[in-house]
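Down below is the structure, laid out as structure tokens.
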Protein chains: 2
Amino acid sequence: MPPPVPSRRLTQRDIARLAGVSQTTVSLVLNNRADAESRIPAETRDRVLRVIQETGYVADPAARRLAAGRNRILGVFTYEPVFPSATGDFFHPFLIGIEECAEQRGCDLLLFTSAPTVDGRKRVYHQDHRLRLADGCVLLGRELDREDLARLVAEDYPFVSVGRRDDAGGTVPYVGADYPAAVGELVARTRAMGHERVAYLGHGRGPESYVDRYRGYAESVPEPLRLDPGEPAEMAERVLAAGVTAVLAEEYADGVALTDVLGRRGVSVPGDLSVLTLGDPTRPAPTDVDFTGFRIPRREMGRQAVEDLTELVEGGSPVQRLLPCEYTEGATLAPVRR
Amino acid sequence: MPPPVPSRRLTQRDIARLAGVSQTTVSLVLNNRADAESRIPAETRDRVLRVIQETGYVADPAARRLAAGRNRILGVFTYEPVFPSATGDFFHPFLIGIEECAEQRGCDLLLFTSAPTVDGRKRVYHQDHRLRLADGCVLLGRELDREDLARLVAEDYPFVSVGRRDDAGGTVPYVGADYPAAVGELVARTRAMGHERVAYLGHGRGPESYVDRYRGYAESVPEPLRLDPGEPAEMAERVLAAGVTAVLAEEYADGVALTDVLGRRGVSVPGDLSVLTLGDPTRPAPTDVDFTGFRIPRREMGRQAVEDLTELVEGGSPVQRLLPCEYTEGATLAPVRR
DNA sequence: GATCCTAGCTAATGCGCATTAGCGCGGGGC
DNA sequence: GCCCCGCGCTAATGCGCATTAGCTAGGATC
């Protein structure tokens, strides 16, 4: 690196000289450390403040961080590109919430874009990561790397995951969506309409979000029936073969595809079959159909994650919480056909 | 601020101890300063690198910035929310380009979310800004604050604006879209189809992007005719009253609205009137119409801005450049009616 | 008059790193 | 046998700030 540019930038020493006090005093005034041990008379304080005002001085955040160990910078690590297109805008609302709360708290966001993509995946702990530049970090993504999580926990680095995560060598702080409850409610409404045979269309395992949805389902029907997702035609086959009267689609897009195919085959939704969706589309799924299901409180999750993170940074203890999903009345659930 | 947390974090001193060398040596190895004055034999270097590898040590970017004046962090300041919804996704492509290039260059992005919104506007230089935490900064937004710009220039802070900007007490580095050329080409194509009377629907002043579009228009027709935008019905009135055969819509959304209203009044586009758009929608404007016009090279602009910024940070000189827009063949331009 | 406060400051230190000056040592030249 | 030189490293310094340990005046106390 070249020698530090002769940046003609003001330092506390400059301010001190101008105000006729010591650098220490400037620092004290700046941080309102007037209480306790140090007492600075209003006159001196005002003089310093005036100089600061006039010169437009601002403390160097890097130096501040170095000396004080904090810098009000929150990291955001996304396991998918931050500004995605492939995932539609699934992550967008999370980011909006994160940004909102950060602004409110006077924090800046550091996007860890320098994380190189290896094998199509990003890793927090890559060669020369810069985690420590931020006070803490919000993790975002469908599937977080278990090793990353374990190391974060082990190193006691302050972080909060958006989305529930299983333990990883320790408790993982998260703000998740309460899928079990949401799915449970959906099943209850479905059964209340007379549906006896309700299937779950999806993997039901893999990412925690799938597992949780399936758990909510399995725990609220007497005989769980899981159908694998796949090509639209295949899914339709499986559903029809199963002889069920309602289907819960783990992935919104699968629900859309299924409904499409069924429609073309003359099977009416919800006339012949009810189709419910378990969350928002994670991939583009254009449709005119208004699905019954629930919405993930994405924005709120983002907000809460930042909130929990700042707590954590300030010495709080890790928190795990699930936020309720919102039931959305649509047009794809109807009483079972006689 | 609380006393520095007893962060059990590795420092170069730790590494040095473990490797049996001095902190200086670690730093030299880390920065590949093997050349020139300092020569470190491969053996020593390997030993140090091994320890770094094993411990997962990373240099503290804040300290780095302080000591060297660089930290490979680029700021992004947006005059609208970074993750917007009101502006549709107009800014999205810029951000994609910025992110791409940053990743490529191994830089992290610092979003200046801490800038509070005052009177509905954000300012770079607010109370306690954190500009200096980054090596430089990309500015994004329809209208940048002139005072901000002037001060950035005056303080010699490395920055690049996305979008052309007028001088502000000095040259403002930017990566803009070549609106004059793009609009000029559009006019030429329109006139080549026999249109004699081509109007410009828009303000033609205010933000540089409007001014530039209008300039491109005014310089390529014999008698410029500007029509104010407004409510859809009003715009239709004005256009019809003007007796023109083609209209250039400064704002995409206005083009959409105009076409809509005309259609409902039985005026066919492009049968009776051609309507061209001058760029991409800056606000949501759903339509099925495929407009003839041009596209702003947003992604490329983002990329280029980051590229220019890194140059600048590394001591290069400010650059101003305009990127060509891409003509888009649509269905709203037709030969003039006889 | 000597001692002890206390108010109002300041000198000194260290955060983790990059960088500059320079130290010790072995070998070659004379 | 002495000097010099260059190799391989290290001690020391400072970046801008926060913080701790004082230091100095002036008044109160005895």
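These numbers were taken from a predicted model, which means no experiment stands behind them. These values consider heavy atoms only, across backbone and side chains, with no hydrogens, waters or symmetry-generated copies. Letters A, B, ... are given to chains in the order of the sequence lines, protein chains preceding strands, and every chain is numbered from 1.
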Distance, rounded to the nearest Å, where B:Asn31 contributes CG and C:dC17 contributes P = 10 Å
request  = Give me the bend of the helix from C:dG1-D:dC30 to C:dC30-D:dG1, using the axes of the five pairs at each end, rounded to 10°.
outcome  = 80°
query = Can you check whether A:Thr44 has a side-chain N or O nearer than 4.0 Å to OP1 or OP2 of C:dC9?
reply = yes
request  = Round to a whole Å and report the spacing from CG of A:Asp14 to P of D:dG16.
outcome  = 9 Å
task = Select one nucleotide: of C:dC15, C:dC17, C:dC9, the one nearest the side-chain heavy atoms of B:Gln12.
result = C:dC17
inquiry  = It should be established whether B:Tyr57 places a side-chain nitrogen or oxygen under 4.0 Å from OP1 or OP2 of nucleotide C:dC17.
reply    = yes
note = From CD of A:Glu43 across to P of C:dG8 the rounded distance in Å is 10 Å
ask   = Looking at residues at least two apart in the chain, or sitting in another chain, which of them share a salt bridge (Lys or Arg N to Asp or Glu O under 4.0 Å) with B:Arg47?
value = none
key: B:Asp166/B:Arg164 ion pair, N-O < 4.0 Å   = yes
Using atom names, set out every protein N or O paired with an N or O of nucleotides 10-13 of chain D below 3.5 Å, distance rounded to 0.1 Å.
residue : atom : partner : partner atom : Å
D:dT10  : OP1  : B:Ser22 : N            : 3.2
D:dT10  : OP2  : B:Ser22 : N            : 2.9
D:dT10  : OP2  : B:Ser22 : OG           : 2.8
D:dT10  : OP2  : B:Thr25 : OG1          : 2.5
D:dA11  : N6   : B:Thr24 : OG1          : 2.8
D:dA12  : N6   : B:Thr24 : OG1          : 3.4

inquiry  = For a quick check under 3.5 Å, do B:Thr24 and B:Ser27 share a side-chain donor-acceptor pair by atom type?
reply    = no
ask   = In whole Å, what is the span from the CZ atom of A:Arg13 to the P atom of D:dG14?
value = 10 Å
task = Tell me whether the OP1 or OP2 atom of C:dA18 has a side-chain N or O from B:Arg64 closer than 4.0 Å.
result = yes
key: Listed nucleotide nearest any side-chain atom of A:Ala68, set C:dA18, D:dA18, C:dC9   = D:dA18
I'd like a table of donor-acceptor pairs (distance under 3.5 Å, sequence neighbours excluded) in which one partner is a side-chain atom from residues 309-316 of chain B, with atom names and distances.
residue  : atom : partner  : partner atom : Å
B:Thr310 : OG1  : B:Arg105 : NH1          : 3.1
B:Thr310 : OG1  : B:Val306 : O            : 3.2
B:Thr310 : OG1  : B:Glu307 : O            : 2.7

request  = Step through the shown structure and confirm whether more than 12 heavy atoms of other residues, nucleotides or ligands are within 6.0 Å of CZ on B:Arg146.
outcome  = yes
inquiry  = Counting only heavy atoms not in B:Arg299 (residues, nucleotides, ligands), do more than 12 fall under 6.0 Å from its CZ?
reply    = no
query = Atom CG of B:Leu10 and atom C1' of C:dG16: how far apart are they, to the nearest Å?
reply = 12 Å
request  = Quick one: list whatever passes salt bridge (Lys or Arg N to Asp or Glu O under 4.0 Å) with A:Glu143, sequence neighbours left out.
outcome  = none
task = Could you tell me how the ring of B:Tyr79 sits relative to the ring of B:Phe77: parallel (under 30°), tilted (30 to 60°) or perpendicular (over 60°)?
result = perpendicular
key: Charged N-O contact under 4.0 Å between A:Arg65 and A:Asp135   = yes
inquiry  = Applying salt bridge (charged side-chain N to carboxylate O under 4.0 Å, His left out) as the test, list every pair that has at least one member in residues 22-32 of chain B; sequence neighbours left out.
reply    = none
ask   = Just to confirm, is there a sub-4.0 Å distance from OP1 or OP2 of D:dC17 to any side-chain nitrogen or oxygen of A:Arg65?
value = no
inquiry  = Using whole Å, what does the distance between atom P of nucleotide D:dC17 and atom CG of B:Leu66 come to?
reply    = 9 Å
inquiry  = Is there a side-chain contact between A:Thr11 and the phosphate of D:dG16, meaning an N or O under 4.0 Å from OP1 or OP2?
reply    = no
task = Can you figure out which of D:dA18, C:dC15, D:dC9 approaches the side chain of B:Pro41 most closely?
result = D:dC9
query = A:Arg45 CZ to C:dC9 P: how many Å, rounded?
reply = 11 Å
query = How long is the line joining CZ of B:Arg70 and C1' of C:dG16, in whole Å?
reply = 19 Å
